[in-house]
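Quick notes on the structure that follows.
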Amino acid sequence: MEVKKEKIEFFQDKILEWYEENGRHFPWRNKSATNYEKIISEVLLQRTRAETVANFFPKFIKKYPSWKKLGEATKEELQETLKPTGLYKQRGTRLYKLAQEMKERKGRFPVKRDRVEEMPMMGQYNANAYELFILKKPSPLLDVNMARVLERFFGERKLADIRYDPYLQELSQEVVENPQSKEINWGILDFGSLVCEAKSPLCEKCLLSEQCIYFDKLSK
DNA sequence: CTCCAGGTAG
DNA sequence: CTACCCGGAG
């Protein structure tokens with residue numbers, strides 16, 4: 001499925017416009033956020049609502065402000081701390097592994113994307129986030145949220161799993177290919193959470209509806 | 001009840 | 001490729 005360039009530009013413009021007015025604010029989006037904080041936020045955000053993480057994040061950073069401090073925690077201690085966020089056993093075990101790996105690496109996180117993806121807890125999504133936020137390179141935060149927005153507007157994927165769908169992979173990359181890649185990414189996630197909701201999207205107040213496939217189907 | 005800024009074992 | 005993790009918010 002070939003998507004027209006003009007449609008992508010329309011989408012980018014509208015999302016950026018919407019984001020300026022309605023974008024959400026989170027601790028890990030602050031300019032002052034350290035690389036450690038950025039990486040930890042992505043770990044906590046896995047399969048967990050951003051608002052939930054926003055409540056929890058400051059407490060976690062206060063308790064474990066650095067890789068060094070995190071490396072001193074036991075696996076059980078991390079699991080206990082992570083309980084309010086859900087997925088705490090898995091996440092605790094994996095975060096422990098990541099912290100220990102960082103200890104061995106003397107606190108140095110890998111630089112190249114491929115190496116990042118080899119780290120514990122760092123999958124495709126997190127490697128993209130790393131590229132976007134730390135290497136400052138356009139890269140899509142393609143989660144269920146972004147996938148839903150893109151599919152409704154541009155057309156549905158073929159494969160069940162986002163992570164193996166070449167159509168969504170390529171489309172998302174094109175969409176965030178822009179000098180303001182970070183803002184477009186955040187814009188899409190916020191837009192997906194606040195307007196293009198999973199259950200009942202607010203199509204009446206959506207500034208994308210004139211070119212949206214999902215909306216077009218609705219009005220038939 | 002469903003859904004959530006995914007990773008990974010099998 | 002799927003199935004599973006999990007508490008919490010809506």
Side-chain angles (χ1 to χ4, degrees), chain A residues 15 19 22-30 33 35 37-57 59-61 75-76 78-101 110 113-134 138-152 157-169 172-173 175-176 181-202:
Chain A
I15 285 291
Y19 176 74
N22 310 286
R24 297 181 293 181
H25 298 280
F26 294 119
W28 52 89
R29 288 188 184 179
N30 289 344
N35 284 356
E37 289 169 351
K38 288 174 186 171
I39 292 165
I40 291 299
S41 73
E42 299 303 338
V43 164
L44 296 177
L45 284 162
Q46 286 170 18
R47 214 51 204 163
T48 312
R49 285 176 190 277
E51 285 74 9
T52 306
V53 177
N55 289 329
F56 179 79
F57 187 76
K59 285 180 259 180
F60 188 92
I61 293 300
K75 186 174 74 179
E76 291 71 21
L78 288 179
Q79 288 178 333
E80 185 61 30
T81 307
L82 289 170
K83 248 181 189 169
T85 69
L87 304 172
Y88 67 93
K89 281 189 186 170
Q90 262 195 11
R91 189 153 24 198
T93 305
R94 290 172 185 175
L95 186 56
Y96 176 75
K97 279 180 69 181
L98 177 59
Q100 295 308 306
E101 179 68 24
R113 186 226 155 88
D114 292 348
R115 293 286 166 269
V116 170
E117 213 165 341
E118 290 168 3
M119 294 289 280
M121 287 209 92
M122 295 293 127
Q124 184 190 75
Y125 176 93
N126 269 348
N128 282 359
Y130 174 83
E131 276 192 325
L132 179 65
F133 298 125
I134 297 179
S139 196
L141 301 175
L142 181 56
D143 66 332
V144 286
N145 223 348
M146 181 181 289
R148 182 180 63 252
V149 176
L150 294 182
E151 285 187 273
R152 280 183 179 154
R157 73 185 120 166
K158 295 166 185 74
L159 298 182
D161 197 317
I162 297 165
R163 293 160 288 189
Y164 299 107
D165 189 303
Y167 159 71
L168 274 181
Q169 297 292 338
S172 62
Q173 184 63 246
V175 165
V176 304
S181 188
K182 200 164 68 176
E183 287 74 17
I184 292 183
N185 269 289
W186 283 339
I188 296 173
L189 296 187
D190 293 353
F191 182 79
S193 173
L194 300 175
V195 180
C196 197
E197 299 175 21
K199 285 182 183 174
S200 44
L202 311 174

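Here is how names work: the chains are called A, B, and so on, in the same order as the sequence lines, proteins then strands, and each is numbered from 1. Everything quoted here is computed from the prediction, not taken from an experiment. These numbers come from the heavy atoms of this one structure, side chains and all, not from hydrogens, waters or symmetry mates.
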ask   = Can you tell me how far C1' in B:dC1 sits from the matching atom in C:dC6, rounded to whole Å?
value =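 About 16 Å, rounded to a whole number of Å.
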key: P spacing across the pair B:dA5 / C:dC4, given as an integer number of angstrom   =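 Taking atom P in both B:dA5 and C:dC4, they lie 22 Å apart.
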Please report, rounded to the nearest Å, how far the [atom2] atom of [N] is from the [atom1] atom of [X].
X      : N     : atom1 : atom2 : result
A:N126 : B:dT8 : CG    : C1'   : 13 Å
A:I162 : B:dC4 : CD1   : C1'   : 12 Å
A:R157 : C:dC1 : CZ    : P     : 13 Å
A:D161 : C:dC4 : CG    : P     : 15 Å
A:L95  : B:dT8 : CG    : P     : 12 Å
A:L45  : B:dA5 : CG    : C1'   : 5 Å
A:Y164 : C:dA3 : OH    : C1'   : 12 Å
A:D165 : C:dT2 : CG    : C1'   : 16 Å

Listed by chain and number, what are the salt bridge (Lys or Arg N to Asp or Glu O under 4.0 Å) partners of [X], not counting sequence neighbours?
X      : result
A:K83  : A:E80
A:R94  : none
A:E117 : A:R113

Which atom of A:A198 lies closest to which atom of A:R152, heavy atoms considered =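 Residues A:A198 and A:R152, closest heavy atoms: O-NH2, 3.0 Å.
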What's [X] touching, base or sugar-phosphate or nothing? Going by heavy atoms closer than 4.0 Å.
X      : value
A:R148 : sugar-phosphate
A:L141 : nothing
A:N145 : sugar-phosphate
A:V53  : nothing

ask   = By side chain to side chain contact (heavy atoms under 4.5 Å, CB included), which residues pair with A:F133, not counting sequence neighbours?
value =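 Applying side chain to side chain contact (heavy atoms under 4.5 Å, CB included) to A:F133 gives A:K38, A:E42, A:A129, A:L141, A:K182, A:W186.
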ask   = In chain order, what residues pass the side chain to side chain contact (heavy atoms under 4.5 Å, CB included) check against A:N55, with sequence neighbours excluded?
value =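 For A:N55, no residue satisfies side chain to side chain contact (heavy atoms under 4.5 Å, CB included) once neighbours in sequence are set aside.
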task = Let me know, please, whether A:E117 or A:W28 comes out on the 5' side of the other along DNA chain B by nearest nucleotide.
result =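 Taking each residue's closest nucleotide, the earlier one in sequence belongs to A:W28.
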query = Any Lys/Arg nitrogen of A:R148 or A:E151 sitting under 4.0 Å from an Asp/Glu carboxylate oxygen of the other?
reply =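 Salt bridge absent between A:R148 and A:E151.
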query = Tell me, for nucleotides 5-10 of chain C in 5' to 3' order, what letter each nucleotide earns: B for a base near a protein heavy atom under 4.0 Å, S for only sugar-phosphate near one, - for neither?
reply = BBSB-B
